[in-house]
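Below is one structure, written out as structure tokens; the observations come after it.
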Amino acid sequence: MKLGLGGLLIAAFLYAESLGAMTPNEWRFNQTVDVPATGLVRVNVPSETLDAARPDLADVRIADSSGRELPYLIDRPMPRHESALRSQELRTALEPTATRITLTTGTRSVLKGVTFETPAGVEFIKAVAVEGSHDGATWLQLATNKPIFRMAGGAANLSVSFSDGVWEFLQLTIDDSRTAAIPFTGVLLQVAETNAPAEPFPLTIKTRDESFGVTRLSVDLGVMNLTVASLGIETTDPLFVRPVTIAVPELANDNISEQTLCAGSVYRVDFNGKVESQVEIPIDTQIHGRELIVLIDNGDSPPLVISAIHGSRRVTNLLFFAREAGRYQLLSGNSQCAAPRYDLSELDEQLKTAGAFEARPGPLIANADYKLPDNLAALPLTGAKIDVAAWKFRKPIQLSKPGAQQIELDPDVLVRAALDQRDLRIVVDDRQLPFLLECPSISRSLPLASASANDLTKPRLSRWSLKLPQAGIPITRITCAADSALFQREMRLWEEAADDRGDKFPRELGRATWKKVPGETTREFAIHLGVAPRSGTLFLDTDNGDNPAIKLHNFRGHYPVSRIVFKTASDSTQPIWVYYGNPDAASPRYDVALIADQLFRAERAAATLGRQENMHSKTERVIQTLNGSSLYIFWAVLGVVVAGLLLLISRLLPKTQ
């Protein structure tokens with residue numbers, strides 16, 4: 001045994017003697033660890049322990065059979081970040097069907113691949129062969145037919161990997177037999193990373209949503225606090241290239257939004273009869289919640305057929321010194337305790353590389369004597385009292401079970417609530433329920449009834465009228481399909497709006513250039529709205545010039561999804577309402593934001609909304625439906641009626657003598 005390791009074990013043993021006994025009922029969970037003999041023990045911390053503990057494992061404790069606390073060290077082996085080196089010398093030769101780049105590496109570092117540098121905006125797909133040499137004369141094949149590409153839409157792969165090795169010279173041959181040669185401005189050498197253990201873990205696709213060229217997968221990790229090494233997509237599609245973005249839900253400005261973790265590309269391409277595939281996205285980040293969002297950009301291609309998602313996680317080890325064989329306790333789940341401070345920081349490197357007994361804890365067992373409530377149970381279920389007289393509409397919330405809930409707002413609510421939803425309130429009796437607003441990267445579509453609205457005085461103009469299901473739905477995009485095989489048009493979307501005096505004017509909502517050529521894959525055309533519409537009828541115009549009119553159909557409007565996330569009591573029988581339609585209301589401020597972490601990571605039940613109720617009188621409802629000149633006409637007619645009634649009453653009164 002090395003002297004450093006012996007000194008480490010003695011130090012750990014002596015320090016353990018000075019630690020006092022613990023109070024196990026302050027921890028929610030315990031697991032048994034059976035140790036066969038005296039010595040250093042390495043525990044591979046299971047995923048269920050990570051889920052029960054705090055993200056930094058500051059609440060984890062090891063206790064011996066007498067309940068005495070033992071010092072430990074947490075080891076999270078992570079791969080060293082790849083470093084890129086410039087070669088000592090680079091020579092490029094253009095051949096009739098290939099570009100050949102010869103590198104003098106100038107390094108004794110272990111290399112794992114190369115990354116090409118090309119001018120931005122250059123689109124291409126090429127096959128690359130890599131050879132290595134120690135003397136510049138004898139070459140060994142390292143890789144063949146490896147794809148590099150950059151495509152429209154952001155999909156790219158500029159790296160070629162090969163088996164780890166030390167090479168004084170590298171020769172890169174880029175196949176130009178199918179397409180013209182492209183310029184390469186440089187080549188970076190990828191230094192091999194330090195290995196870090198990873199193990200597979202199960203994943204579940206909770207939801208899948210398709211939103212105009214983007215597939216959105218909500219992936220359930222099953223537990224919290226995992227350090228996810230990578231995520232892989234299982235698909236039967238034979239050939240494809242797709243950019244992929246990985247995101248997580250996070251709290252920002254008292255709302256739940258999606259924070260991007262990383263981005264990459266997955267592909268399966270065929271080069272000279274050989275299929276090359278890459279379906280893994282490296283992540284290497286600790287995920288504090290249970291959910292990952294996978295966004296696959298399909299562009300104009302159909303969505304991938306995805307059968308499953310698989311993942312791998314980095315191993316987390318806990319090391320401690322067992323003074324004797326026997327049964328030890330691994331405790332977790334204490335939100336109140338301070339992080340331990342053990343005198344092992346100077347010895348952590350020796351500990352991590354020292355030989356140790358491998359131990360796996362038993363199942364997670366809830367402590368029956370645990371008294372402290374968890375953070376989610378401590379969530380205040382009611383807020384301040386509220387006077388709902390100023391709110392115009394409400395809907396009942398229908399629950400399937402108590403606990404954490406999420407509701408997707410329907411068009412009824414979106415039309416009548418403020419654009420930023422600041423007037424939303426959840427009410428039980430006369431008190432508010434705290435909630436969080438979530439804006440996921442999902443959109444819903446609605447069919448739009450379309451009809452020709454051509455102006456006979458403008459024969460070159462094609463115009464379509466598009467009827468929304470409800471006036472004022474906050475759509476952000478309109479899509480349609482085209483039957484015409486060849487066209488290029490400037491499209492303009494607008495509506496008739498009224499100013500304060502009731503005069504109508506065309507209000508532009510968006511513009512786009514649509515183009516279609518023969519042989520192109522059939523796809524939808526889209527126009528994005530710069531502002532939200534106010535009316536229920538929109539108009540789409542285009543000038544055909546001297547060309548035949550184009551034929552469009554299957555119009556749909558798309559609006560972003562908004563959700564409300566909150567918690568209900570298990571014993572509550574009172575009806576719960578969502579109130580909206582108060583333009584003077586300010587955004588609510590709840591203490592729930594302090595523990596929103598636990599709320600939006602909890603498993604949520606999907607609640608639904610019932611029928612809308614109008615809280616105002618019939619007269620107010622009539623007035624609310626009027627705007628512009630119709631509102632002035634209403635008040636004028638009402639004034640005439642009142643004047644007529646006063647005149648009639650004056651004639652019926654007895655005349656004075």
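Just so you know, residue 1 is the first one in the sequence shown, and it goes up from there.
Outside the 6.0 Å centre-distance limit, the rings of Phe555 and Phe525 are not counted as a close aromatic pair. With ring centers used as reference points, Phe393 lies 6.0 Å or more from Tyr579.
For the atom pair CD1 of Ile306 and CG of Asp237, the computed distance is 8.5 Å after rounding to the nearest 0.5 Å. The distance from atom CD of Glu250 to atom OG of Ser257, rounded to the nearest 0.5 Å, is 7.5 Å.
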- side-chain hydrogen bond (donor to acceptor under 3.5 Å, both in side chains) between Thr513 and Arg489: does it pass, once the steps are laid out? CA-CA 6 Å; Thr513 300; Arg489 296 289 190 277; over 6 Å; no

- Criterion side-chain contact (heavy atoms from CB on, under 4.5 Å) on Arg492 and Glu508, from CA distance to verdict: CA-CA 8 Å; Arg492 173 175 173 262; Glu508 185 170 304; 3.3 Å; yes

- Message: Please determine whether side-chain hydrogen bond (donor to acceptor under 3.5 Å, both in side chains) holds for the pair Arg556 and Thr479, giving the CA-CA distance in whole Å, both sets of side-chain angles, and the decisive distance to 0.1 Å.
- Response: CA-CA 5 Å; Arg556 302 190 70 85; Thr479 60; 5.9 Å; no

- Message: Set out, in order, the CA-CA distance, both residues' side-chain angles and the distance that settles side-chain contact (heavy atoms from CB on, under 4.5 Å) for Leu424 and Leu409, then state yes or no.
- Response: CA-CA 10 Å; Leu424 292 175; Leu409 302 180; 3.6 Å; yes

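Between Pro560 and Leu414, the shortest heavy-atom contact is O-CD1, 4.5 Å. Contact detail for Ile246 and Val244: the closest heavy-atom pair is CD1-CG1, 4.1 Å. Nearest heavy atoms, Ile475 versus Tyr559: CA-CB, 4.0 Å.
Within a 6.0 Å radius of CG in Leu419, no more than 12 heavy atoms belonging to other residues, nucleotides or ligands are found. More than 12 non-hydrogen atoms from other residues, nucleotides or ligands lie less than 6.0 angstrom from NZ of Lys206.
None of Arg416, Arg444, Arg611, Lys395 except one satisfies the salt bridge (Lys or Arg N to Asp or Glu O under 4.0 Å) rule with Asp410; the exception is Lys395. Checking Lys467, Lys504, Arg507 one by one against Glu495, the salt bridge (Lys or Arg N to Asp or Glu O under 4.0 Å) holds for a single residue, Arg507.
Between the side chains of Lys126 and Thr179, at least one donor-acceptor pair of N or O atoms lies under 3.5 Å. Judged purely by distance below 3.5 Å, without hydrogens or angles, the side chains of Ser312 and Ser230 pair a donor atom with an acceptor atom. Side chain to side chain, Thr457 and Asp455 meet the donor-acceptor criterion of an N or O pair below 3.5 Å. At a cut-off of 3.5 Å, with distance as the only test, a side-chain donor of Thr118 or Arg150 sits close to an acceptor on the other residue. In summary, the side chains of Asp423 and Trp391 do not present any donor paired with an acceptor at a separation below 3.5 Å, with no hydrogens or angles considered. Using modelled atom types and a 3.5 Å distance limit, the side chains of Thr215 and Glu210 yield a donor-acceptor pair. In the model, Asn225 has no side-chain atom that pairs as donor or acceptor with a side-chain atom of His288 under 3.5 Å.
Within the 4.5 Å cutoff, the side chain of Pro303 has heavy atoms near those of the Arg208 side chain. Side-chain contact between Val269 and Val241 is present, with at least one heavy-atom pair separated by less than 4.5 Å. Two residues are said to be in side-chain contact when any heavy atoms from C-beta on lie closer than 4.5 Å; Asn157 and Tyr267 meet this criterion.
Using a 4.0 Å cut-off between charged nitrogen and carboxylate oxygen, Arg604 and Glu438 count as a salt-bridge pair. Taking the charged nitrogens against the carboxylate oxygens, Arg431 and Asp429 have no contact shorter than 4.0 Å, which rules out a salt bridge. The residues Glu613 and Arg394 are annotated as salt-bridged, a charged nitrogen and a carboxylate oxygen being separated by less than 4.0 angstrom.
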